Q: 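I have a structure here, written as structure tokens, and I will follow up with some questions on it.
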Amino acid sequence: MIALCKRPRLLVALFRTANGSPLCFPGPTKAILPRSMDDPTRSAGGQGPGDGHFPFVSEPPAQLRQPMYVPKRLLLGPGPTNASPRVLQAGSLQLLGHLHPEFCQIMDDVRAGIKYALQTDSRWALAVSGTGHAAMEAALGNLLESGERVLIASHGIWGQRASDMADRLGADVHVIKKDAGKYFSLSDIEKGLLENQPVLFFITHGESSTGVLQSLDGIGELCHRHGCLLLVDSVAALGGVPLYMDAQEIDALYTGSQKVLSCPPGPSPIAFSDRAWDKIIKRKSRIPSFYFDMTCLANYWGCDGEARRYHHTGPITSVYMLREGLAGLAEEVARLPTVTTVCVPPNYAWKEVTDYLITKYNIEISGGLGPTAGKVWRIGLMGYNSTAETVDKVLNALQDALTKCRHSKL
Ligand code: PMP
């Protein structure tokens with residue numbers, strides 16, 4: 001006798017043996033069920049065959065009957081940072097199928113956003129379904145074959161992590177080190193390349209364990225001169241500091257979603273140059289991971305121009321959110337750190353405010369110029385004046401000026 005036991009998203013066939021005792025597939029068999037499903041004294045509230053519930057062995061966890069508690073918190077660590085409202089809104093949208101044309105269009109949008117964020121024209125740009133570590137593992141696993149030599153620049157924890165992963169992949173791992181707080185010069189790197197002759201050089205752009213920014217200028221060119229590829233970890237830097245994947249001759253680069261992109265930890269953007277892609281497709285051995293096989297992922301993400309094939313179920317909602325995070329970055333106007341423009345609000349005469357500041361506080365700020373004339377104030381913060389005290393001083397003075405110079409009608 002067969003009864004169908006229906007749970008949301010699962011149809012479970014329940015079989016009864018000749019003596020009427022139930023067997024249940026998949027799941028625990030009669031042998032480990034504490035009580036017969038026919039037992040009227042079972043406590044879990046009317047659960048049994050045909051009533052729409054699967055007979056779990058243990059009681060449901062009491063805490064799951066409570067509402068989830070998520071405090072409102074300002075996240076100012078090195079990541080995750082708070083997700084932006086548009087990202088959170090995208091997270092509440094209904095699911096699509098992972099190969100539906102509308103979802104494929106969203107994946108295309110994400111690829112365009114990644115190419116923009118990384119400043120690359122490479123077609124081999126996509127998001128790996130996993131956080132920064134997944135992208136790191138994917139990059140190393142695709143670019144390295146067992147026994148190949150990799151040189152890792154280690155100036156904090158992320159170089160150590162890359163060494164660990166490369167070692168697990170069977171690569172011949174060599175390391176150049178700097179103390180915490182230091183960065184590598186081009187001559188440090190060239191010395192390492194000459195001494196070690198690697199096929200791949202790894203470096204971390206933003207070392208989040210020490211807070212050091214590693215300049216990438218010239219490293220790609222140096223690597224190529226010495227016959228090796230350049231792999232960059234920009235999880236903690238991308239979007240926050242200038243990065244030009246093509247112009248800086250970077251062969252492979254990955255980042256994370258939960259930092260500057262203001263998304264939850266999730267799919268991680270990654271891209272490869274044609275040079276790096278060539279190495280991947282000419283490998284002698286198979287890519288060691290199925291899940292991170294870039295050739296399959298490139299097909300699923302529509303990079304290779306072929307019909308998309310199922311590889312794994314894309315994290316639909318996280319991809320929506322990544323799209324919105326990348327859209328936020330694309331919409332941001334690059335701002336000069338040395339000159340800040342502030343829009344003159346309604347009911348103020350810009351000149352009255354600048355005059356007030358100079359008369360009362362001896363502080364000079366400027367009005368707009370050319371297309372911004374009459375519309376903005378320009379506040380310079382550079383060189384000797386770039387201190388927190390100066391910022392406080394000008395903000396306090398401006399606050400006073402805005403209180404005093406407001407007109408009810410202008
Ligand atoms: N690289 C760097 C520079 C990072 O800062 C981080 C995360 N702090 C990672 C890699 C790993 O990323 P995840 O924790 O998202 O796996």
Side-chain angles (χ1 to χ4, degrees), residues 73 75-84 87 91 110 114 117-118 126-144 150-169 173 175-184 200-216 219 230-243 245 248 250-272 289 291-292 294 297 312 314-315 317-319 321-322 325-326 329:
R73 187 160 291 164
L75 299 177
L76 295 181
T81 193
N82 293 94
S84 66
V87 165
V110 168
I114 292 173
L118 272 49
L126 52 91
V128 169
S129 298
T131 64
H133 279 89
M136 186 189 279
E137 203 129 48
L140 291 166
N142 279 262
L143 289 171
L144 284 174
V150 57
L151 181 65
I152 309 248
S154 179
H155 55 147
I157 191 183
W158 302 108
Q160 290 168 22
R161 286 279 156 99
S163 304
D164 182 333
M165 286 182 187
D167 188 48
R168 288 167 193 248
L169 288 163
V173 182
V175 178
I176 49 172
K177 273 199 163 105
K178 282 275 172 190
D179 290 340
K182 300 271 190 291
Y183 58 87
F184 294 88
L200 181 69
F201 176 63
F202 169 96
I203 198 157
T204 308
H205 188 197
E207 205 2 298
S208 55
S209 66
T210 61
V212 166
L213 173 67
Q214 169 68 51
S215 164
L216 300 175
I219 303 180
L230 170 60
L231 166 60
V232 172
D233 173 327
S234 193
V235 171
L238 178 104
V241 294
L243 174 97
M245 182 166 175
Q248 289 172 319
I250 297 166
D251 294 299
L253 186 140
Y254 57 86
T255 185
S257 54
Q258 75 270 29
K259 311 255 179 180
V260 176
L261 296 178
S262 301
C263 291
S268 300
I270 190 166
F272 297 87
S289 160
Y291 197 64
F292 294 140
M294 276 301 153
L297 293 176
H312 69 286
T317 308
S318 301
V319 173
M321 295 169 104
L322 181 58
L326 288 161
L329 185 75

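Every value quoted in this text rests on a predicted model; they were computed, and no experiment measured them. Just the heavy atoms: all of them, side chains too, but no hydrogens, waters or symmetry mates, feed the values below. Note that ligands are numbered from 1 as they come in the structure, with each ligand's atoms numbered from 1 the same way.
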Q: Please state which part of Lys259 comes within less than 4.0 Å of ligand 1, counting heavy atoms only: side chain, backbone, both or neither.
A: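 For Lys259, the contact with ligand 1 is made by the side chain alone.
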Q: Take Leu253 and Leu243 through the side chain to side chain contact (heavy atoms under 4.5 Å, CB included) test and state the conclusion after the steps.
A: CA-CA 10 Å; Leu253 186 140; Leu243 174 97; 3.7 Å; yes
Q: Atom 15 (O) of ligand 1: which of His133, Gln258, His205 has the nearest heavy atom?
A: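 Result: the heavy atom closest to atom 15 (O) of ligand 1 is in Gln258.
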Q: Go through ligand 1 atom by atom and flag the ones less than 4.0 Å from a non-hydrogen atom of Gly132.
A: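 Selected atoms, number and element: 12 (O), 13 (P), 15 (O), 16 (O).
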Q: Taking all non-hydrogen atoms of both residues, which atom of Val128 and which atom of Ala134 are closest, and how far apart?
A: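 Heavy atoms of Val128 and Ala134 come nearest at CG1-CB, 4.1 Å.
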Q: Distance under 4.0 Å to a non-hydrogen atom of Gly206: what atoms of ligand 1 satisfy this?
A: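 In order of number, 3 (C).
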Q: Please confirm whether His312 and Tyr291 have ring centers closer than 6.0 angstrom.
A: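 Yes, the ring centres sit under 6.0 Å apart.
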Q: Out of all atoms in ligand 1, which are within 4.0 Å of some heavy atom of Ser208? Include the element for each.
A: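 Ligand 1 atoms under the 4.0 Å threshold to Ser208: 3 (C), 4 (C), 5 (O).
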Q: Looking at every non-hydrogen atom in both residues, tell me the closest pair between Met321 and Pro264 and how far apart they are.
A: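 The pair with the smallest heavy-atom distance is CE-CG, 3.5 Å.
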Q: Enumerate the atoms of ligand 1 whose separation from the nearest heavy atom of Val235 is less than 4.0 angstrom.
A: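 So the atoms of ligand 1 that pass are 1 (N), 2 (C), 4 (C), 6 (C), 9 (C), 10 (C).
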Q: Can you report which non-hydrogen protein atom sits closest to atom 6 (C) of ligand 1, along with the distance?
A: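 Nearest neighbour among protein heavy atoms for atom 6 (C) of ligand 1, to 0.1 Å: Trp158 CZ2, 3.2 Å.
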Q: Do you know the tightest heavy-atom contact between Thr255 and Ser234?
A: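 Reported closest heavy-atom pair: OG1-O, 2.9 Å.
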Q: Report yes if the distance between the aromatic ring centroids of Trp158 and His205 is under 6.0 Å, otherwise no.
A: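 They do not qualify: ring centres at least 6.0 Å apart.
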Q: For Asp233, take its heavy atoms, then give the atoms of ligand 1 lying under 4.0 Å from any of them.
A: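 Close to Asp233: 1 (N), 2 (C), 3 (C), 10 (C).
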Q: Does ligand 1 have a heavy atom under 4.0 Å from the side chain of Thr131, from its backbone, from both, or from neither?
A: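 The answer is both, backbone and side chain.
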Q: Run through Leu143, Ile250, Leu231 and flag the one making a side chain to side chain contact (heavy atoms under 4.5 Å, CB included) with Phe272.
A: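 Testing each of Leu143, Ile250, Leu231 against Phe272, the sole residue satisfying side chain to side chain contact (heavy atoms under 4.5 Å, CB included) is Leu143.
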